[in-house]
Amino acid sequence: MNQGLCLFDTPIGRCGIAWGEHGLLATQLPEASDRHTLARLRRRRPELEEALPPSPVQSAIDGIVALLGGAPRDLMEISLDLEGLRDFALRVYELARAIPPGQTRTYGELATALGDPDAARAVGRALGANPFPIVIPCHRILGAGEWSGGFSAHGGVETKKRILRIESGGRGQQELF
């Protein structure tokens, strides 16, 4: 697989994706404009140029579009290039990725699953640096008492709530936050 990046349409706006020889390098939720979405994606991967996605990347795009359209997709089939990520973050991402669409966990629950109930803030920091939003579903992680926690995507918590509503078919997440 070659390398490159591109934008693609989803039900929540134009997302971005970057890929390389060993899988996806990054994904990006919509920003205020295409220019901003590309700029944010390029902050992670400045060496990449816009290109047409090869077949495996197009399959990843199709899965992301389906999930954001309400299909119960877990996106586990998408290959990620995790090189350079810290062990703690990798463990957090593995736990987050295992949360089914339409369900949520708390930062504290992930910290406890990692064996350190006091690491909820560290879990939050790892998720805040997540290079693969949607594929690694950081939006499914809430603070204690179903407080939204942070969300660094454009639109902040409103974007997080919107994605959770889509995943739950509009049921159950309306009362969050």
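FYI, side chains are in, hydrogens and waters are out, and symmetry mates aren't considered; it's all heavy atoms of this structure.
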(request) Find the distance between SG (Cys138) and CZ (Phe132) and round it off to the nearest 0.5 Å. (result) 11.5 Å
(request) Nearest 0.5 Å please: distance from the CD atom of Glu49 over to the CD atom of Gln3. (result) 9.5 Å
(request) Would you mind reporting whether Ile64 and Phe8 have side-chain heavy atoms less than 4.5 Å apart? (result) yes
(message) Using side-chain heavy atoms (C-beta onward) and a distance below 4.5 Å, is Arg97 in contact with Val135?
(response) yes
(message) Let me confirm one number: the CG-CH2 distance from Asp81 to Trp19, rounded to the nearest 0.5 Å.
(response) 14.0 Å
(request) Keeping the roles fixed (side chain from Asn130, backbone from Ile136), state whether a donor-acceptor pair exists under 3.5 Å. (result) yes
(message) Which residue is it: Ile17, Leu24, Ile61, Val57? I am looking for the one with a side chain to side chain contact (heavy atoms under 4.5 Å, CB included) to Ile78.
(response) Leu24
(request) Please say whether more than 12 non-hydrogen atoms of neighbouring residues, nucleotides or ligands are located less than 6.0 Å from CD in Glu94. (result) no
(request) Identify whether Leu82 and Val123 are in the same connected component of the hydrophobic contact network (ILVMFWY, side-chain heavy atoms under 4.5 Å). (result) yes
(request) Over all heavy atoms of both residues, which pair between Ala111 and Ala119 is shortest? Give the atoms and the distance, please. (result) CB-C, 3.7 Å
(message) Would you say CD of Glu47 has more than 12 non-hydrogen atoms from neighbouring residues, nucleotides or ligands within 6.0 angstrom?
(response) yes
(request) Kindly give the heavy-atom pair with the smallest separation between Ile166 and Gly70, and that separation in Å. (result) CG2-N, 3.5 Å
(request) Determine, stepwise, if the pair Glu109 / Thr112 fulfils side chain to side chain contact (heavy atoms under 4.5 Å, CB included). (result) CA-CA 5 Å; Glu109 287 173 323; Thr112 299; 5.7 Å; no
(request) Could you pull out the closest heavy-atom pair between Arg43 and Pro46, with the gap in Å? (result) O-CD, 4.1 Å
(message) With a 4.5 Å cut-off on side-chain heavy atoms, are Pro137 and Leu67 touching?
(response) no
(request) Give a yes or no on whether the backbone of Leu114 and the side-chain of Arg91 come within a donor-acceptor separation of less than 3.5 Å. (result) yes
(message) Keeping Thr27 on the side-chain end and Pro133 on the backbone end, is there a donor-acceptor pair under 3.5 Å?
(response) yes
(request) Please tell me if the side chains of Ile99 and Ile141 come closer than 4.5 Å, counting only heavy atoms from C-beta onward. (result) yes
(message) Run Glu50 and Arg42 through side chain to side chain contact (heavy atoms under 4.5 Å, CB included) and show every step you take.
(response) CA-CA 10 Å; Glu50 288 187 71; Arg42 282 195 170 119; 3.7 Å; yes
(request) Enter the distance from Leu7:CG to Gln28:CD here, rounded to the nearest 0.5 Å. (result) 9.5 Å
(request) Ignoring hydrogens and angles, tell me if any N or O in the side chain of Thr37 forms a donor-acceptor pair with the backbone of Glu31 under 3.5 Å. (result) yes
(request) Evaluate the side chain to side chain contact (heavy atoms under 4.5 Å, CB included) criterion for residues Leu142 and Leu164: first the C-alpha distance (whole Å), next the side-chain angles of each, then the deciding distance (0.1 Å), finally the verdict. (result) CA-CA 11 Å; Leu142 306 175; Leu164 288 171; 4.2 Å; yes
(message) Ignoring hydrogens, what is the shortest heavy-atom contact between Pro101 and Arg73? Give both atom names and the distance.
(response) CG-O, 3.0 Å
(request) Please report the shortest heavy-atom distance between Cys6 and Ala51, naming the atom on each side. (result) CB-O, 3.5 Å
(request) Answer with yes or no whether the hydrophobic clustering places Leu95 together with Tyr107; edges join I, L, V, M, F, W, Y residues whose side-chain heavy atoms lie under 4.5 Å apart. (result) yes
(request) To the nearest 0.5 Å, tell me how far Leu68 CG sits from Ile12 CD1. (result) 4.5 Å
(request) Give a yes or no answer on whether the side chain of Arg45 reaches the backbone of Leu25 with a donor-acceptor pair at less than 3.5 Å. (result) no
(request) Mind checking the CZ-OG1 spacing from Arg140 to Thr104? Nearest 0.5 Å is all I need. (result) 10.0 Å
(request) Report the C-alpha distance between Ile134 and Leu29 in whole Å, list the side-chain angles of each, state the deciding distance to 0.1 Å, and finish with yes or no for side chain to side chain contact (heavy atoms under 4.5 Å, CB included). (result) CA-CA 8 Å; Ile134 299 300; Leu29 290 169; 3.4 Å; yes
